[in-house]
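Quick one: the structure is below, and I'll ask about it shortly.
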Amino acid sequence: MSWAAPDDIFFSTSLAAYLDKKLLVLLRDGRKLMGLLRSFDQFANAVLEEAYERVIVGNLYCDIPLGLYIIRGENVVLIGELDVEKEELPAQMIQVSEAEIKRAQKAEKEEMLLKGTMRKRMEFLDLD
């Protein structure tokens, strides 16, 4: 008696299942890219068509178009299929221009730096 693996056992663990589908790709640096998967290789290097980067700051977001985009596999943290039938964002999210989202990112970064310096100044209190 011989055991035969189902035909789709290897297909289900491969990116081949996502070819020509809209994907979300989360990168190591935190960027979120979306687009249609057109190609990939054994190292998870991938080619996205109609790609864009979604930048979210608070309740603001901007989709920055990238076009045809090659992603190096070692930078990929997560890949997931997006349901094209569902709304991608909650209703309270507001789409803004690229310039406006860059300003919001800068303000958020400055706020985080300020919090960090305030914590350092307060270390002598030993609040833990």
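Heavy-atom basis, side chains included; hydrogens, waters and symmetry copies ignored.
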Quick check: is Leu23 connected to Val76 through a chain of hydrophobic side chains (ILVMFWY, heavy atoms under 4.5 Å apart)? yes

Ile64 with Val57, same ILVMFWY side-chain cluster at under 4.5 Å: yes

Distance, nearest 0.5 Å, that separates NZ of Lys106 from NZ of Lys109: 10.0 Å

Please indicate whether Gln92 has more than 12 foreign heavy atoms, meaning atoms of other residues, nucleotides or ligands, lying under 6.0 Å from its CD.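 Yes - once you tally the heavy atoms of other residues, nucleotides and ligands closer than 6.0 Å, there are more than 12.
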
Note: Pro65 and Tyr52 closest approach over all heavy atoms is CA-CB, 3.9 Å

side-chain hydrogen bond (donor to acceptor under 3.5 Å, both in side chains) contacts in which one or both residues fall within residues 34-50, not counting sequence neighbours: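 Applying side-chain hydrogen bond (donor to acceptor under 3.5 Å, both in side chains) to every pair that reaches into residues 34-50, excluding sequence neighbours, yields Asp20-Arg38, Arg38-Glu49, Asp41-Asn45.
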
Report whether Leu26 and Ile71 are members of the same hydrophobic cluster (ILVMFWY, side-chain heavy atoms less than 4.5 Å apart, transitive linking).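 Leu26 and Ile71: separate clusters.
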
Walk me through whether Leu89 and Arg54 qualify under side chain to side chain contact (heavy atoms under 4.5 Å, CB included). CA-CA 11 Å; Leu89 292 165; Arg54 174 154 294 161; 3.6 Å; yes

Rounded at 0.5 Å granularity, tell me how far CG in Leu82 sits from CG in Leu24.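 Between atom CG of Leu82 and atom CG of Leu24 there are 5.5 Å.
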
Honestly curious: do Leu68 and Ile70 fall in one hydrophobic cluster under the side-chain, below-4.5 Å linking rule?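 Linked within one cluster.
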
Test log, rule side chain to side chain contact (heavy atoms under 4.5 Å, CB included), inputs Leu60 and Ile101: CA-CA 7 Å; Leu60 304 177; Ile101 203 75; 3.9 Å; yes

To check you understand the geometry: which heavy-atom pair defines the closest contact between Tyr61 and Ile56, and what is its length? CB-CG1, 4.0 Å

Least distance between heavy atoms, Leu27 atom then Val77 atom: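 So the two residues come closest at C-CG2, 3.7 Å.
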
Shortest non-hydrogen separation from Met93 to Gly58 and the atoms involved: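 The pair with the smallest heavy-atom distance is CE-O, 4.0 Å.
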
In this structure, NZ of Lys22 is separated from CG of Leu36 (nearest 0.5 Å) by 8.0 Å

Supply the atom-to-atom distance Ile79 CD1 to Leu37 CG, rounded to the nearest 0.5 angstrom.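 If we round to the nearest 0.5 Å, Ile79:CD1 and Leu37:CG are 7.0 Å apart.
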
Among the clusters formed by ILVMFWY side chains lying less than 4.5 Å apart, do Tyr69 and Tyr18 turn up in the same one? yes

Closest non-hydrogen atom pair between Ser97 and Cys62, with its separation: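 Closest heavy-atom pair between Ser97 and Cys62: C-SG, 3.8 Å.
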
